[in-house]
Structures are given as structure tokens and as C-alpha cells.
Number of protein chains: 2
Amino acid sequence: MNPLEIPEIVIRRLPLYLRTLNLMAAQGQTVTSSQEIGERLGISSTQIRKDLSYFGEFGKQGTGYNIEYLREQLRQILQVSQRWKVALIGAGDLGRAVLRYSGFEEGGFEITAVFDKDEQKIGRQIGKLKVLDIAKLHEVIREQGICIAIIAVPASEAQEVADALVNAGIKAILSYAPLPLRLPSNVQVHYIDPVIGLQSMTYYLSPEQI
Amino acid sequence: MNPLEIPEIVIRRLPLYLRTLNLMAAQGQTVTSSQEIGERLGISSTQIRKDLSYFGEFGKQGTGYNIEYLREQLRQILQVSQRWKVALIGAGDLGRAVLRYSGFEEGGFEITAVFDKDEQKIGRQIGKLKVLDIAKLHEVIREQGICIAIIAVPASEAQEVADALVNAGIKAILSYAPLPLRLPSNVQVHYIDPVIGLQSMTYYLSPEQI
DNA sequence: CTTCTATTGTGCATTTTAGCACAAAGTAGG
DNA sequence: CCTACTTTGTGCTAAAATGCACAATAGAAG
């Protein structure tokens, strides 16, 4: 099955399935079904089976899915069996929170370099890492062979940082800055903006709750 | 036009349009077109016009949209003309980063209470707010008339917190915990999980980049 | 006043996504 | 071995979302 033919919306759901399987495995569960995964995620079981069928046949009729096996298959599909090195740009409050979040490691990512342009922050130790001068971005990224970056700088500086990242060879960016970045089409990008999420919920709140 | 008939996917895009208009307004621009908004967001102009048409006719043929006017219309549709009070649960690294992020205010939200269960953190001052004991969750939320909450606690405690929030009358939750919450259907919820975003990008990275 | 250009709002066609329903295949119990 | 029950994977159908194409209309230029 050609990867180009698999809908992006399917790819977007796979990490949710993987996360669910991780939780089940952590609780000692060994077998599950599309129905159980679906109930946890609020997705129909048919959808889950169809999504998985793009990549192969991972289940057993009458029994369901072996959790360990399906986990490993999903990890391979998503290419998170090995750990990816990630560069973090911005050592402010957000950057520090990102750095201390353990979820990245479990998900297959390791932040191996932190950058900031503020001289006050450069050189400071955060966890295992020392904050580096953003002037060394290109050099360090090339040296370490990093191809994923997280942008945690103010909106006003995000585009500039993104340009530098692309220039350094970064191929995937997760941006916390609330604006769309102008990037070459061969660079992946995902955004995280909590306000967008809140605003689409307030639409549904009844007016008397204001 | 009955709100129940408007597709959720349309509602999800409106905050993006609003954010784009805010940026344009901040740069002194007064008029725009569906094409310009679309180019910035990577969305087709037709889509934008169709989305807006669910709610009325806001543009002028030949001219486009008055930015101030369309902004105000979108704010009213999304119910963010007034500011919503928000409770934040969790005063760890993430909670503090959330608290210091200025984007919420601009988006129509004000965090007016922070809670934690850790005695070390309770009573500590963060910005204008003092961290409150989570035991007072119900009381404070009722008193202040809060109906939106942000969960920034570890995954293991998120469900417990969510239950308490629902019990206190919260109607919308933004959760940073990487797991699906079990909630009554009349409570809105959105999740933020950076790992999900990263993992759906690694799928597209070429293997030699690992 | 006429012509030219720009842009909206929308009917219709196309494409994409989701879901039903069922054959196939496995398990459990007697 | 036989029957009853589960659950997968998938062909087909239905629904949802997107995009094309164009009439309508505004404004600008001459």
C-alpha cells in the first residue's frame, strides 16, 4: 500500500491508538478489541479496523488484537520505534515546561538541545541540558543530526526561528506560536494553540453561562 | 440558522479566522479578502466564504471584508466578546507556563483561580494569583461563576480532577493530560498533546533521517 | 455612463470520510 | 464434534466536506 494514498486523517488517528495501547499495556492488559479501543477514544470500532487495514492485518477474528504486537506495529508505522532527537527553541516558561514533560520520551522523542537568544538564559542548566546560544542553532543541529524541532518562542520571533530551522535542515516542526509559519512544502508542521481549542468550545456554551 | 446544523469542523476553523484577523488588525490593515485569509492559513478561499456564510453575509462584493467588522462578528459567534473566567488546575511547570501565557487574555479568557493539591505549592503566589487548595475547588468555582477549566496535572490524576470539575459545574475543559477523560456529554472537552502531533509527523519523515 | 477588474455568496458536482452489514474465522463449552 | 458466540476485515452505501464555476454586485478608471 503506497503511503501517498493513505489519508492524512488516518495517520492523525494512529498516535491515539498507540497511546491507548500504551495505557492498556501499562495496566497489564495483553489483548484488546477494536470496540474497546473505540470506546475509550470515542471512535467507532469500524473506523479503527479500517484505519489499521491500510497497513495490514493485525488482529485475530474472535479474539481481537494482541496489545504488544499491535503497539510494535504502530510504532514501526509511525517510525517511533527508535528515538528521535529533538531541538527545543525557547527556554522561557513554556520551554522549561516542555523540557520537563516526560511524555516525549515515552512517545519516542528526546530533547537533546535547547536554544535561546536571551543572554540571561544562555548557559543556564535545565535538567540535563545547558541552554545554548541560538547563534549555534545550525551548527548543533547538523552535528547532532537532528531533524525535528519544537518552537516555544514568542509569536513575534517564531517565523525568524522557523527560517533558521529550515536552513539548518529541520524537517518537522511543532510550534506553540499562535500563527501560521511560512515553510517549504517538504517541511512538516503541527501547531499547538490552547486558545483555538477554548474558543471552539465557547461557541457551544449557552449564553446564560457567560 | 440553527446552531445544531452547523458542522463542528466549521466551528473549529472560526478561531483560526479570528486569529488571522487579529494579526491583520494589529498591523493596521483594515480590509481583507477570503483569498488573503486563505493564503495565510493554507485554506481555500471558497471554504472560508462558505464557512462564514453559515452565519450571515459579512463581505462586500468587489471589496472583501472589513476586518474590524468581521472580527467583531466572529467574536460574537464564538461568544468571546466578553471575557470568560477560567480555573486552572495544576501549578507545576506546565500550569505556571499556562498562567504566564498572555494569549488567553487576547483570546477572551482570564484565569482567575489556580489550584493544586501539593501543600508545597498551596499559598504560593504566581503572578497575580495565589495557589489554592484543590479542596476548595467546588466552593471557589461556584462563587466565581466559572464554567471553563484547564487541566494541567499529571495523567494519573486527570480523571479525578475532571470528575471534581464536573461536580463543581464546569461545562468546558481543556486538558493537557494525555488520555481521554470520561465526561458527561453536556461537558465540552478539548485535548492538547504535543506527542500526538509529533508522532503524526514522523510518519512522513523519510527513514534515512532517523 | 461604460467598461474593466475584483470579490462575494452559492448551486452543483466531486471527492473524501464514515458506517452498515456480513462472510470468514477464531474461541468456548458441552 | 457441534453449536453458540466473538471479532476481524471489507464491499458497498450513505453522509459529509470540499471545490468549481458563475451570477451578482461593488468600485475604479476613463
Side-chain angles (χ1 to χ4, degrees), chain A residues 1-17 20-21 24 29-74 77 200 203-204, chain B residues 1-17 20-21 24 29-74 77 200 203-204:
Chain A
M1 185 88 50
N2 188 326
L4 295 175
E5 294 167 13
I6 296 169
E8 194 193 315
I9 197 163
V10 171
I11 304 302
R12 295 280 212 115
R13 280 190 292 260
L14 299 184
L16 297 173
Y17 304 158
T20 304
L21 294 169
M24 289 172 170
Q29 201 177 333
T30 60
V31 172
T32 186
S33 66
S34 59
Q35 194 178 356
E36 190 185 16
I37 300 171
E39 274 166 13
R40 291 222 195 184
L41 290 170
I43 293 176
S44 80
S45 63
T46 305
Q47 177 115 85
I48 290 167
R49 293 201 299 280
K50 188 159 283 182
D51 285 352
L52 294 177
S53 77
Y54 278 101
F55 303 95
E57 306 195 355
F58 306 117
K60 211 186 273 184
Q61 283 158 332
T63 310
Y65 301 92
N66 176 294
I67 289 177
E68 266 314 318
Y69 177 70
L70 185 53
R71 259 177 108 187
E72 184 50 30
Q73 294 301 310
L74 284 173
I77 292 165
S200 50
Y203 172 81
Y204 294 101
Chain B
M1 185 92 45
N2 189 327
L4 295 175
E5 294 167 14
I6 296 170
E8 194 193 317
I9 197 165
V10 172
I11 304 303
R12 296 280 211 115
R13 280 190 293 260
L14 299 184
L16 297 174
Y17 304 159
T20 304
L21 294 169
M24 289 172 171
Q29 201 177 333
T30 60
V31 171
T32 187
S33 66
S34 59
Q35 194 179 356
E36 190 185 18
I37 301 172
E39 274 166 15
R40 292 222 195 185
L41 290 170
I43 293 176
S44 80
S45 63
T46 305
Q47 177 116 85
I48 290 167
R49 292 199 300 278
K50 190 159 281 182
D51 284 352
L52 295 176
S53 77
Y54 277 102
F55 303 95
E57 308 195 351
F58 306 118
K60 210 184 274 183
Q61 283 156 333
T63 309
Y65 301 92
N66 176 293
I67 290 178
E68 266 315 316
Y69 177 70
L70 185 54
R71 260 177 108 187
E72 184 51 32
Q73 294 302 310
L74 284 173
I77 291 164
S200 50
Y203 171 81
Y204 294 101

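Note on naming: letters A, B, ... go to the chains in the order of the sequence lines (proteins, then strands), and numbering restarts at 1 for each one. The figures here come from the full heavy-atom set of this structure, side chains too, leaving out hydrogens, waters and symmetry mates.
- For A:R49 and C:dC22, the CZ to C1' distance is 11 Å, given to the nearest whole Å.
- Rounded to a whole Å, the CZ atom of A:F55 is 18 Å from the P atom of D:dT8.
- Put simply, CD on A:E36 is 15 Å from P on D:dT6, counting in whole angstrom units.
- Taking CD1 from B:I67 and CD1 from B:I37, the interatomic distance works out to 7.5 Å, rounded to the nearest 0.5 Å.
- Residue B:S200 comes nearest to A:P15 through the heavy atom pair N-CG, 3.9 Å, listed as atom of the first residue, atom of the second, then distance.
- Closest approach to the B:Y65 side chain among C:dT8, D:dG9, C:dG19 is made by C:dT8 (side chain taken as heavy atoms from C-beta onward).
- With hydrogens and angles ignored, a donor-acceptor pair under 3.5 angstrom links the side chain of A:Q61 to the base of D:dT8.
- The two residues A:S34 and A:R49 make their nearest non-hydrogen contact at OG-NH1, 3.1 Å.
- Residues A:R13 and B:E57 each lie close to DNA chain C; by heavy-atom proximity, the contact nearer the 5' end of the strand is made by B:E57.
- Atom CD1 in B:I9 sits roughly 18 Å away from atom P in D:dA15 (whole-Å rounding).
- Distance B:K50 NZ to C:dT7 P: 20 Å, rounded to the nearest Å.
- The interatomic distance linking A:L41 (CG) with C:dA18 (P) rounds to 14 Å, in whole Å.
- The minimum heavy-atom distance linking A:L52 with A:F58 is given by the pair O-CE1, 3.5 Å.
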Item to complete: List the steps, then state whether side chain to side chain donor-acceptor pair (under 3.5 Å) holds for A:T20 with A:R40.
Response: CA-CA 8 Å; A:T20 304; A:R40 291 222 195 184; over 6 Å; no
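- Contact between the side-chain N/O atoms of B:S44 and the OP1/OP2 oxygens of D:dG19 is found at a separation under 4.0 Å.
- As rounded to whole Å, 9 Å separates atom P of D:dG9 from atom CG of A:L70.
- Mapping A:E8 and B:S33 onto DNA chain C by nearest heavy atom places B:S33 closer to the 5' end of the strand.
- Here the P atom of nucleotide D:dT8 and the OH atom of A:Y69 are 15 Å apart, to the nearest Å.
- Checking C:dG19, C:dG26, D:dG19 against every side-chain atom of A:T63, the shortest atom distance belongs to C:dG26.
- Between B:K60 and C:dT7 there is no side-chain polar atom (N or O) within less than 4.0 angstrom of OP1 or OP2.
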